[in-house]
Amino acid sequence: MDAPAPSPPPTDGSAPVVSLRGIGRDFGRVRALDGVTLDLPPGSVGLLGPNGAGKSTMLKILLGLLPPSRGEASVLGVDPVRDPRGVRRRVGYMPEVDAYITGLTGVESVSYAGVLSGLPRSAAMQRAHAVLHYVGLGEIRYRKVEEFSTGMRQRVRLAQALVHDPDLLFLDEPTNGLDPDGREEILEVIRDLSTRHGKRVVLCSHLLRDVERTCDHVVLLAAGRVARQGTMAEVRGGRKDFLRVRGRGESAGFEATLRAAGCSVARAGADLVVGVPGGAGTAPVFRAAAESGWDLRAVAPEEVSLEDVFVEAVASGNGA
Amino acid sequence: MPILEQGYEPYRGPVGGGRGNFLAIAGAALRRNRRWYAWVLLLLSLLFGSAKEYFLVLACYVPRALGFTDDNPFFTAFANHPNLYPDMMATQTFWALVMAITVGAGEIAEDLRTGALVFYLGRPLTRLDYVLGKVVSVSVAVLLVTLLPTLLLFTVQAVFEGRWEWLAEHAAIPFAALGYSLLVSLFASGFVLGVGAVARRRRWATVASAAVLLGLWFTALVVAPPTGWTGSGMEERRIKQALAEARTEEETKAALKRLSDSLDPIGSASERAEWRALAPDSTLAACGRDLFGTPVPSNFPWKRHWVLALGVPLALLGVLWRRVRAVEIVS
């Protein structure tokens, strides 16, 4: 018997979307998650962590695919252990890895995802057309998925996650394998879903820049524990901005001038990576170049890696 | 192409409970397997699995219906023999297993390769939905080879007989055929999905399943060859002679018994019949004889063929169950 589409989640605007209380998970003697307690607020949340940090395990527990060894979890007010299908009915999951069915076209594949999520066949097909247009695959939706490029398959996975109009999206590395333009478009879609359409988004990524572009909050996981959490500004608070600098000639004087100005300097091949105090921008670099007479040729923002954040979090004693 | 051109529209329509998800999974698997060689194999299966019995039944009834001849005792004996249907289904079983390997062996391997397992398990369905869907998809192919031609032949024979008494007397046949077809479906799907699940490529899964089936089949053929296949012309002449010479009901029954023994596609009359259990089709056919009420003689105190016919597929489905575990979600 068909029922009306689920009404918006019972959680009010400020209630946590995901709530974990002392969640732990052991695989034999390996402790993948170690007593994680956190509340993910509405909006978009970035879940960051290196391999082995426990974010995949956390995702599986939240999707109701893996029972926790201890602790309690709640997703949109639903217990994923007691009602895993109830959770997955309201969650759209975009996996990191390829996930397609051979022989199906793009629109068939997305429609099939809709049918498996409980949509009537005709509604699922209509919805598949709409979401494929939305993610930018409208013109090639009748091609078989196995003929798609990596980036196109990424978009199909996003469309599959959206087809049943879920309240919450779990996006696992959504920009993997995308070219710069494609990546920008996907990030734009995620931002649009979060800000204009009220979707709650949990974005798993190892790219801080992706999370910065799309998320309001961030949770850093390391060794099965929460290393840091809060708004992006809180998590990065006090960190230096990094610039990649290229010039010509001997740079020793330039480096010494920068260090005297409170900047850090590290070599990265032919370039220098300069850490400047927060908010200072590129001014210290230009000033040091002028003072030392170094032939400065290029300055660009340095991609901040997750590792940088973790190293700093652990070094400053703020890690869990 | 500009993205967000159309914008995102929320869905306001009905949402079902997802109780029939396994049927959707089965449907997708069947659509994927609609390939030319599957149709060719289906034709071959019908030809080699059922054509002989169709010929016997038609040879018995058509001349009579057309008024060309009276009863032909030879064809009449065959067409009304209690082993007509179980033996036809025994022959079909081998082809049903081949068909199952062709359409089903690569199903899980293909899903593992393309990540479709992740696609499925991220949806509001259970492992049981997934496994059941795959079992149903293989079973449909098996039923096309076994149940469909059997029920059709029964209908043809019932129409030619045209008597309610005959229908009442043989009413158990369709049910036995259904039961046996379901048993073969369970075995075939458990066998091909379980063996195929250990591979990560469709081709290797198919090769592995075929190698196991044919290996067992040939081993049984060599170790315990069936003794009384009706391909033997001498045996055929002896039966004809015995039937022609039968004067009393007892003599006719004895001749029919001899016919029954000679119709031995499952090798129960083999000198080392216990080794026939190696061949899955023989094991299943022995169960079929039980279901049709003409059990094969057995020296064993328990129904070993039933233990094998049910135990092997369930064990292999257990292998599949473990392969579809949630850990596969994120590698």
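Just so it is clear: chains get the letters A, B, ... in the order the sequence lines come, proteins before strands, and each one is counted from 1. Note that the structure is a prediction, hence the values are computed from the model and not measured. Hydrogens, waters and symmetry mates play no part in the numbers below; they use all other heavy atoms, side chains included.
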- Message: For B/Arg35, is the CZ atom crowded, meaning more than 12 foreign heavy atoms sit under 6.0 Å from it?
- Response: yes
- Query: So does B/Trp321 have more than 12 non-hydrogen atoms from other groups sitting under 6.0 Å from CH2?
  - Reply: yes
- Query: Is there a donor-acceptor contact under 3.5 Å from the side chain of B/Arg123 to the main chain of A/Arg88?
  - Reply: no
- Could you tell me which of A/Gly114, A/Ala113, A/Ala161 has the largest number of non-hydrogen atom pairs under 4.5 Å with chain B? A/Ala113
- To the nearest 0.5 Å, what is the distance between NE2 (A/His197) and CD (B/Glu9)? 8.0 Å
- Can you name the nearest heavy-atom pair linking B/Thr126 to A/Arg85, along with the distance? CG2-CD, 3.5 Å
- Message: Would B/Arg113 and A/Thr102 count as a side-chain contact (heavy atoms from CB on, under 4.5 Å) here? Give the steps.
- Response: CA-CA 10 Å; B/Arg113 183 181 70 82; A/Thr102 48; 3.8 Å; yes
- Query: Nearest heavy-atom pair of B/Leu125 and A/Leu116: which atoms, and what distance?
  - Reply: CD2-CD2, 3.8 Å
- Message: Using a 6.0 Å cut-off, check whether atom CZ of A/Arg70 has over 12 heavy atoms from anything other than its own residue.
- Response: yes
- Message: Donor-acceptor check, side chain of A/Arg89 to backbone of B/Pro124, threshold 3.5 angstrom: yes or no?
- Response: no
- Task: List the atom of A/Ile101, the atom of B/Ala116, and the distance in Å for their closest heavy-atom pair.
- Result: CG1-CB, 3.8 Å
- Message: Could you tell me if the side chain of B/Tyr8 sits less than 4.5 Å from the side chain of A/Lys199, heavy atoms only?
- Response: yes
- Between A/Pro120 and B/Pro14, what is the shortest heavy-atom contact and its length? CD-O, 3.3 Å
- Message: Looking at every non-hydrogen atom in both residues, tell me the closest pair between A/Leu65 and B/Leu121 and how far apart they are.
- Response: CD2-O, 3.4 Å
- Going through the checks in order, is the side-chain contact (heavy atoms from CB on, under 4.5 Å) test met by B/Tyr11 and A/His164? CA-CA 7 Å; B/Tyr11 176 68; A/His164 59 299; over 6 Å; no
- Query: Is chain B contacted by the side chain of A/Leu162, its backbone, both, or neither, given a heavy-atom distance below 4.5 Å?
  - Reply: both
- Can you name the closest pair of heavy atoms from A/Ala99 and B/Val118 and give their distance? CB-CB, 4.3 Å
- Query: For atom CZ of B/Arg203, is the number of surrounding heavy atoms from other residues, nucleotides or ligands below 6.0 Å larger than 12?
  - Reply: no
- Item | Residue A/Ala124 versus chain B: region with a heavy atom under 4.5 Å | neither
- Message: The test is side-chain contact (heavy atoms from CB on, under 4.5 Å); show your working for B/Tyr120 and A/Tyr112 and say whether it passes.
- Response: CA-CA 10 Å; B/Tyr120 283 117; A/Tyr112 184 41; 2.9 Å; yes
- Query: Can you say whether B/Arg32 sits under 4.5 Å from chain A via the side chain, the backbone, both, or neither, judging by heavy atoms?
  - Reply: side chain
